[in-house]
There are 2 protein chains.
Amino acid sequence: MESLDQLITRLNKLPGIGKKTAQRLAFHIISLDDADAYRLAQAITDAKLNIHFCPVCGNFTESEVCDVCSDVKRNSETICVVESARDIMFMERIHEFRGRYHVLGGVLSPMDGIGPDQLRIKELIKRIEDENVKEIILATNPDVEGEATASYLAKLIKPLDVRVSRIAHGIPIGGNLEYVDDVTLAKSIENRREM
Amino acid sequence: MESLDQLITRLNKLPGIGKKTAQRLAFHIISLDDADAYRLAQAITDAKLNIHFCPVCGNFTESEVCDVCSDVKRNSETICVVESARDIMFMERIHEFRGRYHVLGGVLSPMDGIGPDQLRIKELIKRIEDENVKEIILATNPDVEGEATASYLAKLIKPLDVRVSRIAHGIPIGGNLEYVDDVTLAKSIENRREM
């Protein structure tokens, strides 16, 4: 059945969806009511048509500029630099950060041919120069590429007379020393705070 | 972002796709090339348009009658009864069974309001009477509902002068006595074969 194989192939291309899951989903989809199946297809098409990148920060948006960039109540002196637009969603969920964002669109990864020119670094420098920015918070992920990217950006930005900070690493709240990996445990000692 | 929320909601309705996975998939989809996203939407629509149930056995098909039912080389004296059209795919993969299938469309489940009339049982009886069937293999899953459905069908079909068999239960090949559950282990003794 060509249509079924085609659907399985397409679903299989999604991240984290293996062959078996793709099959299960495909069989579920062809068992759906016509209306529900079309609504799923339509939701994909609509999202693709309506959502684009914010020209300022790189966040996803349905408006011309994203909700964060167009919110005058947000502090424009602090920019939190993240890898992807999805990270903004995680940050916003904690209602802790009231500054603005800048999406890099990835991390430095020479093996994959991703150097500084492939990331939105020039745009970040321009914003620092134009928007009277006082602090840059580097919130790339605490993995090898994320750390390297943060170091690279820190070196690049510090000469511009801007405070540069990195999100804290340590033991997660509710975590247990026994189950924390060695690197995190070492970081939690290195970054200890006086009480 | 309404389009994004809508897409997440729709993906979240798929089986085994929780909130977090739906978010991850939605962000992946809106990051796809336009062409790839539309191909995914199109694959869903096409599958839904082209695939329907085989009027004979209940398998999925793009033709009028499914590949198994229209294959004259298959033995029409044996019918393997399965819960869903998906089970036919698993059976066909082993290239062991050369008879035909009959999809019940579920299992007896009084709690969910599924009685004999909600399953394709009348159609099965009609096939047994019309098609000169010699054996019915009951291949419902070995869970409570599947076993109950198999017992019900066995009682119903035996008086029609047809051999009724049930797929074997036991320890999976490569399995280990230590990790097999008690019921399966008991079944493996009960269904032991002389060597």
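The chains referred to below are lettered A, B, ... by the order of the sequence lines, with proteins before strands, and numbering in each begins at 1.
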Is it true that A:Val162 and A:Tyr152 fall in one hydrophobic cluster, defined by side-chain heavy atoms closer than 4.5 Å?
yes

May I ask whether A:Leu153 and A:Ile128 are part of the same hydrophobic cluster, defined by side-chain heavy atoms of I, L, V, M, F, W, Y residues being less than 4.5 angstrom apart, directly or through others?
yes

Interatomic distance, A:Arg10 atom CZ to B:Arg39 atom CZ [nearest 0.5 angstrom]:
5.0 Å

Test side-chain contact (heavy atoms from CB on, under 4.5 Å) applied to A:Leu14 and B:Ile29, step by step
CA-CA 8 Å; A:Leu14 296 173; B:Ile29 287 169; 4.0 Å; yes

Can you confirm whether more than 12 heavy atoms, excluding those of A:Glu131, are under 6.0 Å from its CD atom?
yes

Are B:Leu11 and A:Leu11 linked, directly or through intermediate hydrophobic residues, by side-chain heavy-atom contacts shorter than 4.5 Å (ILVMFWY only)?
yes

Kindly say whether B:Pro15 contributes a backbone atom to a donor-acceptor pair with the side chain of A:Arg24 at under 3.5 angstrom?
yes

Taking a hydrophobic cluster as the set of Ile, Leu, Val, Met, Phe, Trp and Tyr residues connected by side-chain heavy atoms closer than 4.5 Å, whether directly or through intermediates, do B:Tyr101 and B:Ile167 fall within one such cluster?
yes

Looking at A:Asp161, I'd like to know if its CG atom is crowded, meaning that more than 12 non-hydrogen atoms belonging to other residues, nucleotides or ligands lie closer than 6.0 Å.
no

In terms of hydrophobic clusters joined by side-chain contacts under 4.5 Å, are A:Met91 and A:Ile79 together?
no

If one checks every heavy atom of B:Asn59 against chain A at 4.5 Å, the contacting part turns out to be neither

For the CD atom on B:Glu77, are there more than 12 heavy atoms of other groups (residues, nucleotides or ligands in this structure) within a distance under 6.0 Å?
yes

Honestly, the part of B:Ser84 sitting under 4.5 Å from a heavy atom of chain A is neither

The reported gap from CG in A:Leu4 to CE in B:Met89 (rounded to nearest 0.5 angstrom) is 7.5 Å

Would you mind reporting whether B:Ile17 and A:Ile17 have side-chain heavy atoms less than 4.5 Å apart?
yes

With only heavy atoms counted, which part of B:Leu7 is less than 4.5 Å from chain A, the side chain, the backbone, both or neither?
both

Given A:Ser31, A:Ala43, A:Ala26, A:Ala37, the one with more heavy-atom pairs under 4.5 angstrom with chain B than any other is A:Ala43

Distance check, rounded to the nearest 0.5 Å: A:Glu2 atom CD versus B:Ile51 atom CD1?
10.0 Å

Picking from B:Leu40, B:Thr21, B:Asp46, B:Asp5, which has the most non-hydrogen pairs under 4.5 angstrom with chain A?
B:Leu40

Supply the atom-to-atom distance B:Asp36 CG to A:Lys13 NZ, rounded to the nearest 0.5 angstrom.
7.0 Å

Test item: B:Phe60 and A:Ile30 side chains (from C-beta on) under 4.5 Å apart, heavy atoms
yes

Would A:Leu49 and B:Asp34 satisfy side-chain contact (heavy atoms from CB on, under 4.5 Å), going step by step from the backbone distance to the final call?
CA-CA 8 Å; A:Leu49 270 177; B:Asp34 280 4; over 6 Å; no

Heavy-atom closest contact (B:Ser3 atom, A:Ala47 atom, distance):
CB-CA, 3.7 Å

Pick from A:Thr45, A:Thr9, A:Ile8: which one has the most heavy-atom pairs with chain B under 4.5 Å?
A:Thr45

